[in-house]
Amino acid sequence: MAMKLVRNIFLGLVIAFFGACSESFLDTIPITEKTDGNYYSNPEEASEALVGCYDALQLIYSNGVAFPVAADVMSDLCFGGTGAGDGDGYPMIDEFDKNVSPSDLNMYEPNWENYYKGIFRCNTLIEKLDQVDWGKQEDLRFEIEAETRFLRAYFYFDMVRLWEKVPLLIKPSRANIPQSEPDDIYTVITEDLLFAIQHARDKQYSQITSTQHGHVTKWAAEAMLSRVFLFYTGYYGKQNLLGLVNQADALGYVEDVITNSGHGLISNFADLWPGASTYEAAKAGKPIDENTYAGETNKEVVFAIKYTYTSDYNGNTDGNHWLVMNGLRKMNWPESGYGYGWGACTVIPEVYSSWDTSDARLEASIMAVVEEGIDYTMIGDVKEYTGYFTKKYIPLCDADGNSIASELGGVNFMIGQYQDYFVIRYADVLLMAAELGSANALDYVNLVRTRAGIDPVVSVDNGNQTSHESFRAKSIKAFHGKCLVILTSLGTEGKAVLTSSSTGLESSSQEIIIK
Amino acid sequence: MIPPKLSYLKLNLTTGQSIHIFWRFLFLTFISFFLCYSNLFAQEKSITGKIVSALTEDPLPGVNVIIRGTTLGTVTNLDGEFQIVATPSDILIISYIGYETQEVLVGDQSEINVLLVEETTELDEIVVIGYGTQRKKLVTGATVQVKGEKLEQRNTTSALQALQGQTPGINITSTSGQPGEGMKVTIRGLGTIGNASPLYIVDGVPTGIIDYLNPADIETIDVLKDAASAAIYGNRGANGVILITTRQGRPGRSQVTFDAYYGVQNRQKKIDMLNTREYAGIMNEQHLNSGGSTSNLPFDLNDLPAYTLEGYASTDWIDQMFVENAVTENYVLGANGGNESSSFSLSVSYTGQEGIVGGSSLSNYNRYGGRFNSEHKIFKDRLTVGENLVYAYIQNNGIKVGNQYYNTLRGTFNTSPLLPVYDDDGEFFNTADKTILDQHGDPYWYDQEANPYASMHYNNQNDRNTQKLLGNLYAEINLFRNLKFRTLLGVDYYSSESRSYTPIYQLSVYSFSNYTKASQNLEKGLGLNLDNLLTYSYTYNAHRLIAMLGMSVQQYNGSWIYSENTDLAFDDLEHAYMNNATNVDNPARMKIEGAPHNEDKLLSYFGRVQYDFKETYLFNATLRADGSSKFAEGNRWGYFPSFSAGWIISNEPFMESTSGFMPFLKLRASWGQNGSSNADAFNYLAPIKFTQATYAFGSVEGVSINGAYPNRLSNKDLKWETSEQLNFGFDARFFSNMFLVNFDWYRKVTKDWLIVAPVYATAGTDAPYINGGNVINSGGELALTLNGSTGGFNYQLNVNGAYNKNNVTDIPTEDGIIHGATNTLYNNSSEFYRAESGHPIGYFWGWETDGIFQTTDEVQQHVNSEGILIQSNAKPGDLRYVDQNDDGVLNDLDKIDLGDPNPDFLYGLSFSCNYKGIDFLVIANGVAGNQIVQSYRSHTDKYANYTTEILDRWTGPGTSNTIPRVTNNNVNYKFSDIFVKNGSYFRISNITLGYDLSTLFKVRQIGQIRIYASVQNLCTFTKYSGMDTEVGYGFDNGVTDRFSSGIDLGYYPRPRTILAGVTIKF
């Protein structure tokens, strides 16, 4: 009896077991992740994806050699520097000579990877915008697209200047994309920026709410496009930007920023830079925390990469990871608020000595060890020590010598730095307008000069007017990652040939007919 | 030397330690108990008896009858009768060739008649195959069985370690010598660049590792090597299957056993680094060789900087890291027995192993285990129910044994001997402390180097415990005469907790912590499988058929939570819990994360037919269909067939002439396909990442808003990886089973690898798994066994060897290469291993050297066929590289295959014998034809120390043609064959001598009191200069890159162990 029962139960189970499991048993879903199948469906998700693109802006300089540092090292303003015991990677960049540091095989590889991460995020979002159900927020679509395309242009503009012929992707792709011609890359950059000018938010500076600072504006796009115009036409010796933007257009964009953006110069140049403002406070005999730093959202900032101190080693990249490279190597100087840094970009002494001492920008730009009375004991630890470090982007410490980044809550002084990178300041806009031949060029240049505490000039060099010294001054181009060559006519007719050369680089010549 | 003033170094008696002490107490109690008990009174008397065969009841002449523990004995006469004088406490050992030895207690008997049972030969033994068992004789695949006793007698912490060298074709390598670290197991060569681990099935339950098992709990390990055998586990059988059966009870005599051993471990080999004088000299020479002048030499050899009152330091950092006599111990108490209806087997155990690096506070392993197996027959054998359960509680902590940045030992190779361990205050020396000055008033000369010993103490304060419950409940019912139904519910549950503590410290400018930090995390997972089998056996005359039909459902769920916070109220590991972390306002230093593991589900149907005719013609066929949740609908199902056949040719009449010397010969052939689904879930979708994508809009620091982005590409077409294998073999026995030979030849093709082939950086996000890549492993395996017995002296000699050739035939990427990681050997080091068509997986790729330039002339003469100077920048003393393609330029095109880490040949040897209670065992194993890449020094750090090997460097013409001059950079250490060393070795891995005390003490009820002493890793014959020749470490880059091994960056060596133990059975 019992036997039969057991047997029947088991027979039942056999049938149940063999038959009960169907295909649907194998269906599983990810619990803590959304997927590209169901994401990008509403405006909130599109906005979130846009933040993901901005996140890449924090990423691009976080590893490898940051563009702003590399540009300074490659310029004639700085040596490579860094520590005596460090590898020779930075001197290698400075000297354009691979043999200086054979072990540094791929110094820019992380940057290359990170730029393409940013481009992938932008491309994906742009592609997915059509599948978003925008409802009544159709305007938002164009605003998001404008910001996304600005960011893509930003990435490509860095890349085309660092490597020139890079693979160009305007849609996500896993294929092996060949190198593109620079003109094709500039076309994408230009079209993206034109789109951004048309659709990005155009609120005046004073109307921007405190939490919205950092978003791309029409003004940022206009200024950026002018910069691209100037670089492209100057570097490639062209009259206009691929037929898309001519000089008048470019000038029109910056004039629009000057007239309509509400941005302006702040009165004290040193207040733009944390290190310069603490130094200024100390020099005036005040405690360094009573400085007059203008903050990261002051009216002069047209566009900045926003950093904060929350970076960690587990994937959060929010901080200014490159800033620690600059600054005083391995020593705090609490008297002026200078924090511990790695001493890259040691400034060439002639840059300091040839600078007009009445120019407020001198003290704000260069940390002069002897002149400022810094009792620097780590000289032997600095490679290519010159007595001068940069000052605009340096780590800070408090009066007790503690890292401000760590005090705020950063993991440490190396990745916890939070100072924003000012990509475009209003002063840049004024000078670009002057260079592009604005009728107000002289006023614009003098606005910048007088703010720096130096005498106005009577006329400016911008192609249309008689050249004056202003553009030759180091102070114009210091520590922005830009290089400028000025040819001065001797007044005789003939041909002038400018040849630029550097070890490890291909030489280039430019012929100029002087009449 | 002044001890560090650190509270965590105090000895606290934790729960673990008290249990541990309990075991030692138990051990001593047992010993003293037996010593007292054995003191019995004895009275001699005369005994007669007759010995007959249990089967035929014929009297057996010539049977040995010996009094245990003595040489006294006699032999039966032609009528099987004997006579002997003995005391009531004596035990008679009755032995006869071909019959099982019996032991009889004399007691008050005066006549002892014994039925001797014929010994079942090895051929009649039962081996475990997938979802069933089979008589060894009838097996048609390539499987191998290792008995639990063989594993246990090696006294290792892990069963896999004990398996090493015992079976041909299974390559087992330690990934690190740290207690509790895993073993790398490869069956018949690397079949994939992904996870090549075999599938483990413990008592019918699939699981990932078997570290939690005490070797004493294992009855048998059966390894299914060929595809035909493993195909029944289709879904994960591509890399072979290891079946473990834990000890089962048997009807019959009950037995209680107690095993204990205690030993000490020390390092096998020392590495000598430069001392301070040598170091300073080399630094000066480097400086001069790199263009420095004599005016600013780094060191004045007559006035070396001294930073403590003891004068200049000359620290031997390697010595500093090791401890002496680290303890290893093991205690197992087991009981088993049963009657016709119920049987059981139980055990409790404790295993402890201290690390030889850092000692027990930093590197330690404790395992507490319990096993509960029983089986019950109810309803007159109609229904059998039972369970097998193993529980383990593992407590361990360890130092870092990973890549160059996560390897505690690594720093010791690169730290200068000038660095003192402690400063004058007895604190760990901090090179960034500018108040510590030398005799000239200068601070420490190099503030980037950190005290590696202190760093080990500060950064390895962790504690981890894992609970594992693995087992099953099963029922089997005889439905009809030959139809059986079996159902099994398997459970594989684990939970794990770990904590860590970081104090505030500074050791150098880079090595510091500004705040105290604690982390606490928990993880758990539950795997369930339900197997249902219907088995039908049918016999008709000499035809026998067994058909099996089954289905299996598996699923896995789990979750984890991780938390981290800073500013602890109490500064030590004991208090490192989240509630003691006081930071509330700093989000960057606080972390709370948690997620479920991806669900993993498998649904399988399978069937098998086993047929034989006259036990001579054997045939097997299986088919398995597996559906996995890892793949998109449409690609979920994989089908894995197999066929195998055998012919016991010695049963044929025409073989009669040879049956005298070769009583058994079986030929085998098999073919089958297996699958692997070793990929992460949801690769058919592209996930959107929400974390770590913030941006700091606005004017307030520390405030960011969340973003999102797709962080991986998708691959909707992902499907099963397939492995196909052909196997031919034979098993033969010679001279009355004295000499056994097993041979197998195989060819294994693994195709459609599940790999994460790197995508171009331009893709902008992580790569998904793809199917692609083929590799062929082919080789042969041979095992020889010699058994013998003369005059009470029994011996067995096993020799086995396996040859494997690994050849990649296709890689699906554009350049046909899966590139290895960079930055692995030292900072900024380049790629040096890869997988590429025509080469073994993970071969070493670099420049070939051709000696050293002795003179400037030699540099100038090193030209290609067109006279182009190949190494224009070289100086005398630099390596001369071969320009393979003769284009006058040294670049990647000149890099060639410099060897690979996988041995061509694996072999093992064991010899065991016993004579009158004395037993002796030697086990040795070796590998040949493998290479090791050794890189102890960070060549881009010019101040890194060297091993004393550098003292033989090039210093002028004719001084050396192998070790280049020293320079400040890595000019001679771009990857070339100077990194590549021969990894072949032969090691005496175990020598054990035992003696059964019960031959001296005549104790009622006690079957055995065996005491033994053993040495593990006694000596290794090798040319390799590292601390251990068994270097299983490879760079594990998660999913993308797991195929490298044999990389010695400063390897935690396996210890030499000397131990003594006792086994008591009663």
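At a 4.5 Å heavy-atom cutoff, the contact between B/Q554 and chain A is made by backbone atoms alone. With a threshold of 4.5 angstrom between heavy atoms, A/D312 approaches chain B through side-chain atoms but not through N, CA, C or O. At a 4.5 Å heavy-atom cutoff, B/S513 makes no contact with chain A through either its backbone or its side chain. In this structure, the portions of A/P30 lying under 4.5 Å from any heavy atom of chain B include both its backbone and its side chain. In this structure, chain A has no heavy atom under 4.5 Å from any part of B/P298. Only the side chain of B/F512 comes within less than 4.5 Å of a heavy atom of chain A; its backbone N, CA, C and O stay farther away. For chain B, no part of A/M331 is nearby; none of its heavy atoms comes within less than 4.5 Å. With a 4.5 Å cut-off on non-hydrogen atoms, B/D941 does not touch chain A at all. In this structure, chain B has heavy atoms under 4.5 Å from both the backbone and the side chain of A/N316. With a threshold of 4.5 angstrom between heavy atoms, A/M414 approaches chain B through side-chain atoms but not through N, CA, C or O. Proximity to chain A involves both the backbone and the side chain of B/F697, based on heavy atoms less than 4.5 angstrom apart. For A/Y307, the part sitting under 4.5 Å from any heavy atom of chain B is the backbone (N, CA, C, O) and nothing else. Interface residue A/I305: backbone and side-chain heavy atoms are both found under 4.5 Å from chain B. Looking at A/N114, neither its backbone nor its side chain comes within 4.5 Å of chain B, counting heavy atoms on both sides. Both the backbone and the side chain of A/R174 come within contact range of chain B, judged by heavy atoms closer than 4.5 Å. The contact between B/S704 and chain A is made entirely by side chain atoms (from C-beta outward), counting heavy-atom distances below 4.5 Å. Looking at A/T297, only its side chain comes within 4.5 Å of chain B, counting heavy atoms on both sides. The contact between A/L57 and chain B is made entirely by side chain atoms (from C-beta outward), counting heavy-atom distances below 4.5 Å. Using a 4.5 Å cut-off between heavy atoms, B/Y515 contacts chain A through its side chain alone, with no backbone atom that close. Neither the backbone nor the side chain of B/K630 has a heavy atom closer than 4.5 Å to any heavy atom of chain A. Heavy atoms closer than 4.5 Å to chain B are found nowhere in A/A56, neither backbone nor side chain.
Side-chain contact between A/D55 and B/Q692 is absent, with no heavy-atom pair separated by less than 4.5 Å. Using a 4.5 Å cut-off on side-chain heavy atoms (C-beta onward), B/K689 and A/K34 make no contact. Between A/Y40 and B/P710 the shortest side-chain heavy-atom distance falls below 4.5 Å. Side chains of A/K117 and B/T765 form no contact here, defined as non-hydrogen atoms less than 4.5 Å apart. The closest side-chain heavy-atom distance from A/L26 to B/Q555 is not below 4.5 Å. Taking 4.5 Å as the limit, some side-chain heavy atom of B/R589 sits within range of a side-chain heavy atom of A/S406. Looking at B/F690 and A/Y39, their side chains come closer than 4.5 Å, going by heavy atoms from C-beta outward. Counting heavy atoms from C-beta outward, B/E633 and A/S24 have side chains that stay 4.5 Å or more apart.
Of the listed residues (B/T691, B/T822, B/L713, B/N598), the greatest number of heavy-atom pairs within a distance under 4.5 Å of chain A belongs to B/L713. Across B/K942, B/K434, B/Q448, the residue that shares the most heavy-atom pairs under 4.5 angstrom with chain A is B/Q448. Ranked by heavy-atom pairs shorter than 4.5 Å toward chain B, the options A/E45, A/Q212, A/H215 are led by A/H215. Between chain B and the residues A/H213, A/E109, A/K306, A/E113, the most heavy-atom pairs under 4.5 angstrom are made by A/K306. Top candidate by heavy-atom pairs under 4.5 Å with chain A, chosen from B/P596, B/A708, B/S629, is B/A708. Contact tally against chain B (heavy-atom pairs below 4.5 Å) for A/N176, A/D27, A/T209: the top residue is A/N176.
In this structure, OG on A/S47 lies 13.0 Å from CG on B/N706, to the nearest 0.5 angstrom. Distance check: A/N298 CG to B/S699 OG gives 11.5 Å after rounding to the nearest 0.5 Å. For the atom pair A/Q419 CD and B/E701 CD, the distance stands at 9.5 Å (nearest 0.5 Å). With rounding to the nearest 0.5 angstrom, the CG atom of B/L685 is 11.0 Å from the CD1 atom of A/I29.
Closest approach of A/L408 and B/N586 over heavy atoms only: O-ND2, 4.1 Å. What you find for A/T28 and B/Y684 is that their closest heavy atoms are O-OH, 4.0 Å. Residues A/V51 and B/I705 share a closest heavy-atom pair of CG1-O, 3.5 Å. What you find for B/Y760 and A/A175 is that their closest heavy atoms are CD1-O, 3.9 Å.
Counting heavy-atom neighbours within 6.0 Å of A/K128 NZ, excluding the residue itself, gives a total above 12. In this structure, B/Y405 places its OH atom where more than 12 heavy-atom neighbours from other residues, nucleotides or ligands lie under 6.0 Å away.
Aromatic ring orientation, B/Y695 versus A/Y54: tilted (interplanar angle from 30° to 60°).
Of the residues A/V166, A/L168, A/L169, the one that meets the side-chain contact (heavy atoms from CB on, under 4.5 Å) test with B/T762 is A/L169.
Side chain of A/E296 to main chain of B/V700: no donor-acceptor pair is present (N/O by atom type, distance under 3.5 Å, no hydrogens or angles).
Within the cation-pi definition used here (under 6.0 Å to the ring centroid, within 45° of the axis), B/K601 qualifies as a partner of A/F25.
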